[in-house]
Amino acid sequence: MKLPGNCKGHRRSLCMIIKTPKTLLRGPVKLSNNMDFPLPKRRKTNTDSITPSSSPLTHSCPYDVFLSSRGVDTRNNFTGHLYTYLVQKGIETFIDDEELRKGEEISSALLKAIQGSKISIVIFSENYASSGWCLDELVKILQCKELMHQLVWPVFYKVDPSDVRYQKGKYGEALAKHECRFKDNMVKVQSWRTALRDAANLSGWTFLDGHEANFISTIADEISAQVSRRSYLNVAKYPVGIESPVQEMLKLLDVGGSDVRMVGIWGIGGLGKTTIAKAVYNSIAHKFEGCCFLGNVRADSEPYGGLVRLQNNLLYETLGDRKMKMTDADRGIQVIKERLGRKRVLLVLDDVNELNQLDKLAGGLDWFGCGSRIIITTRDKRLLIAHQVYPIYTAKALDKDEARNLLILNAFKDNRNPDECVQFPIDTAVLYTHGLPLAVNILGSLLCGKSIIQWHAALDSYRRFPNSNIQKVLQTSYDALEDPLKEAFLDIACFLKGKYKEYVMQALEALEGSYLNPIDAIEVLEEKALVNTDKFGKILMHDLLEEMGKEIVRKESPEDAGRRSRLWFHEDVCRVLTENTGSNKVKGIRVELPREDEICLSAKCFKKMKNLQLFININASFSGEVNYLPNQLKFLDWPGFPAQSLPSNFNPQKLVELNMPNSRISRLGQGLKRSLT
């Protein structure tokens with residue numbers, strides 16, 4: 001028998017249908033990873049096909065600063081002292097050693113040093129232009145500025161910038177001599193003249209006379225601040241499973257194009273969205289004029305004035321101006337548009353959860369200069385759609401091999417002995433994490449140093465009582481839901497996961513009534529990555545999210561299952577139904593036994609459960625009498641119902657779904673008869 005409800009409205013009709021039976025680094029970038037919801041697994045990347053220059057795992061800037069100078073002029077004074085200041089500040093600095101120069105052409109080692117530096121400082125001294133080697137260096141430095149968007153700062157040491165710009169004075173004399181020397185290669189000399197002019201037009205420092213130590217200290221402080229802003233982010237410990245998603249993101253970003261592009265990274269908490277964003281940032285930041293990674297936007301925007309502080313951080317990171325302080329978010333919008341509208345910037349907004357945050361920090365493509373890229377990570381796909389962010393990358397779970405490798409790295413650290421590892425229940429632990437990088441990292445760390453017996457005990461405990469650190473991250477998405485959606489999420493987690501979408505919608509409408517439109521509810525939960533509809537039309541959910549939902553319900557009454565809103569665990573269900581320990585707190589029951597078994601019902605087992613609205617039997621056989629059913633029942637899916645009729649005192653006015661195939665019913669109860677007449 002089936003009494004269908006109308007999912008599109010709130011009017012219910014009652015009819016009868018018979019039914020049958022998912023830090024600062026010097027050298028290579030360090031990365032890390034920091035469902036039955038079958039999130040697509042991360043596609044394995046053939047790392048052999050990725051060249052060092054293109055792979056985000058191998059890209060590196062071994063030097064923070066490259067110092068270009070005329071040694072005979074400044075090596076033993078200004079340049080030497082500046083080098084010492086920078087090294088003392090922990091800044092990896094390359095200084096050209098003239099004694100190592102051989103031949104006329106710039107060496108490949110020196111070229112690599114220029115290419116591998118974040119910032120080049122060119123010290124124009126009196127005799128700088130007399131050295132063809134120095135001028136070749138300058139040409140290469142400016143080429144790297146154009147091609148790799150490196151930062152270049154000129155220092156005019158006891159030289160007038162106009163002499164460099166227009167090649168006057170000593171600079172004019174030096175270039176005249178070069179023209180005589182290279183009269184058969186005037187193209188080379190012209191490239192030097194162009195490089196001198198372009199470099200002299202850059203913003204830098206001029207020192208003609210005064211306190212040289214203070215001047216050097218000022219430059220060193222500014223370089224130190226700029227290096228900090230251009231430093232790699234400390235992504236995490238172990239770079240397992242990260243290269244493929246980074247490569248996919250790089251394709252979506254298409255860095256180098258002249259358009260302005262916003263790209264989203266979407267998925268549930270703990271899936272590695274921030275890790276991917278950091279790895280991508282490290283891989284491409286050197287290609288932009290200004291860069292900013294705003295982490296934890298959700299948390300940092302909540303305190304009063306939080307969005308204004310984020311605006312100030314954005315402006316400082318991209319422009320380097322500590323004096324610029326906004327006090328009003330609307331004013332901050334205008335300043336961001338004015339100051340960044342002609343600047344090629346890379347901006348990452350991590351963990352966004354409200355549209356207002358995007359409106360205040362990256363309101364539109366016209367806020368940023370040509371070629372800018374904005375990356376937004378969120379658990380809510382609706383925010384990205386509403387803000388017209390496209391394309392959107394869906395973060396994926398680790399595959400089994402990746403999860404296994406990451407678990408071993410966390411659990412055994414550097415003391416890995418393959419023969420010993422194989423004795424541990426590694427695959428059981430991996431199965432528990434369901435490919436969630438957060439869960440793999442946490443579980444691996446918790447199991448580190450434990451014996452095989454302790455592993456088994458811990459895993460058994462986590463299956464019954466989910467780890468609180470994992471749950472805290474996942475529950476953030478749940479906590480942000482409105483109350484009717486929270487109820488819908490818990491109903492799916494406890495009762496409806498794996499059911500066809502139509503079935504789920506009927507159940508949700510029956511349970512939540514006018515407070516919830518089931519179509520909208522499922523759409524919102526999908527956009528927040530809390531549920532997923534598979535290709536067969538079934539509603540699924542990551543197992544760890546399911547566990548999180550069930551743990552929320554369990555905590556309603558840790559010791560007494562009969563005082564919880566939902567019952568699903570077979571031992572709790574059997575105890576409540578056979579011992580009559582239910583209460584008016586119980587809203588729904590799902591009966592699914594681990595093996596074929598029979599439950600002998602207490603005659604009045606439902607008597608105390610006045611507010612029971614849903615009862616679903618999956619595979620249990622029942623015996624005994626059912627003398628009472630609550631009038632609040634709305635969804636009754638009970639194959640094998642043990643009685644010959646529904647209780648005579650049962651008033652099914654609120655009943656929307658009645659499904660009882662293979663039952664013993666031979667006649668309608670009086671209450672149901674009255675409803676049908």
Side-chain angles (χ1 to χ4, degrees), residues 22 33 35-42 241 266-273 379 394-404 406-407 425-444 446-447 455-456 458-479 481 486 488-501 504 522 525-526 528-536 538-555 566-572 590 592-594 616 618-619:
K22 15 237 39 128
N33 286 330
M35 254 171 125
D36 289 75
F37 181 20
L39 281 180
K41 296 295 183 180
R42 299 182 180 181
W266 168 70
I268 64 170
L271 204 51
K273 300 183 298 297
R379 304 181 185 195
T394 301
K396 303 171 182 66
L398 298 170
D399 65 31
K400 184 178 179 181
D401 290 339
E402 290 169 340
R404 196 176 195 278
L406 184 58
L407 182 82
I426 294 172
D427 289 336
T428 303
V430 168
L431 189 62
Y432 171 80
T433 66
H434 298 282
L436 199 72
L438 169 82
V440 177
N441 284 323
I442 291 177
L443 187 61
L446 291 172
L447 295 174
W455 270 58
H456 284 287
L459 291 173
D460 182 61
S461 174
Y462 295 145
R463 277 193 293 268
R464 289 181 293 137
F465 305 104
N467 178 267
S468 60
N469 291 324
I470 299 173
Q471 297 296 301
K472 179 190 284 186
V473 174
L474 295 175
Q475 192 168 333
T476 303
S477 296
Y478 168 83
D479 291 339
L481 297 173
K486 286 181 178 178
F489 172 82
L490 295 179
D491 287 334
I492 294 173
C494 297
F495 306 136
L496 304 172
K497 174 188 168 184
K499 295 291 187 180
Y500 286 103
K501 189 172 185 177
V504 174
I522 292 174
L525 293 176
E526 285 182 329
K528 294 184 181 296
L530 292 172
V531 303
N532 181 49
T533 305
D534 73 2
K535 63 181 179 180
F536 302 108
K538 292 183 178 181
I539 300 296
L540 302 177
M541 175 184 290
H542 191 290
D543 285 5
L544 291 178
L545 285 171
E546 178 189 357
E547 289 182 12
M548 182 265 290
K550 290 178 175 179
E551 181 66 5
I552 289 171
V553 175
R554 189 192 71 82
K555 287 181 178 179
R566 297 162 177 84
L567 299 175
W568 65 90
F569 182 52
H570 63 279
E571 292 181 6
D572 294 333
R590 173 185 167 115
E592 184 170 12
L593 304 180
I616 298 175
I618 302 298
N619 63 356

Close side-chain approach of [X] and [Y], heavy atoms under 4.5 Å:
X      : Y      : result
Gln475 : Glu551 : no
Tyr462 : Ile470 : no
Val430 : Leu398 : no
Ile492 : Leu525 : yes
Ile618 : Arg590 : yes
His570 : Pro594 : yes
Met548 : Pro466 : no
Leu474 : Leu436 : yes

Carefully, step by step, assess Leu530 and Leu545 under the rule side chain to side chain contact (heavy atoms under 4.5 Å, CB included).
CA-CA 7 Å; Leu530 292 172; Leu545 285 171; 3.9 Å; yes
Between [X] and [Y], what is the shortest heavy-atom contact and its length?
X      : Y      : result
Leu481 : Lys486 : O-CE, 3.1 Å
Pro437 : Gly270 : CD-O, 3.4 Å
Cys494 : Arg566 : SG-CD, 3.8 Å
Gly267 : Ala529 : C-CB, 3.7 Å
Leu447 : Ala429 : CD1-CB, 4.2 Å

Side-chain donor or acceptor of [X] paired with backbone N/O of [Y] under 3.5 Å:
X      : Y      : result
Asn619 : Leu593 : yes
Trp266 : Thr394 : no
His542 : Ile268 : no

Just verifying a value: how many Å separate [X] [atom1] and [Y] [atom2], rounded to the nearest 0.5 Å?
X      : Y      : atom1 : atom2 : answer
Ile539 : Ile522 : CD1   : CD1   : 4.5 Å
Glu547 : Ile552 : CD    : CD1   : 12.5 Å
Asn532 : Lys538 : CG    : NZ    : 13.5 Å
Gln471 : Leu544 : CD    : CG    : 7.5 Å
Thr428 : Asp460 : OG1   : CG    : 11.0 Å
Leu446 : Ile442 : CG    : CD1   : 7.0 Å

Can we say Lys528 and Glu526 salt-bridge, meaning some charged N sits less than 4.0 Å from an Asp/Glu carboxylate O?
no
Between Lys497 and Asp543, does any NZ, NE, NH1 or NH2 come within less than 4.0 Å of an OD or OE carboxylate oxygen?
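Yes, charged N to carboxylate O under 4.0 Å.
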Salt bridge (Lys or Arg N to Asp or Glu O under 4.0 Å) between Arg404 and Glu402, worked out:
CA-CA 5 Å; Arg404 196 176 195 278; Glu402 290 169 340; over 6 Å; no
Between Leu496 and Ile616, is a side chain to side chain contact (heavy atoms under 4.5 Å, CB included) present by the stated rule, with each step listed?
CA-CA 9 Å; Leu496 304 172; Ile616 298 175; 4.0 Å; yes
For Leu490 and Tyr478: C-alpha separation, side-chain torsions, deciding distance, then whether side chain to side chain contact (heavy atoms under 4.5 Å, CB included) applies.
CA-CA 9 Å; Leu490 295 179; Tyr478 168 83; 3.5 Å; yes
Lys550: what forms a side chain to side chain donor-acceptor pair (under 3.5 Å) with it, not counting sequence neighbours?
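For Lys550 the side chain to side chain donor-acceptor pair (under 3.5 Å) partners, ignoring immediate neighbours, are Glu546.
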Between Leu443, Val440, Asp427, which is the residue that forms a side chain to side chain contact (heavy atoms under 4.5 Å, CB included) with Tyr432?
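The single option meeting the side chain to side chain contact (heavy atoms under 4.5 Å, CB included) with Tyr432 is Leu443.
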Pair Phe569-Glu592, side chain to side chain contact (heavy atoms under 4.5 Å, CB included): steps then yes or no:
CA-CA 8 Å; Phe569 182 52; Glu592 184 170 12; over 6 Å; no
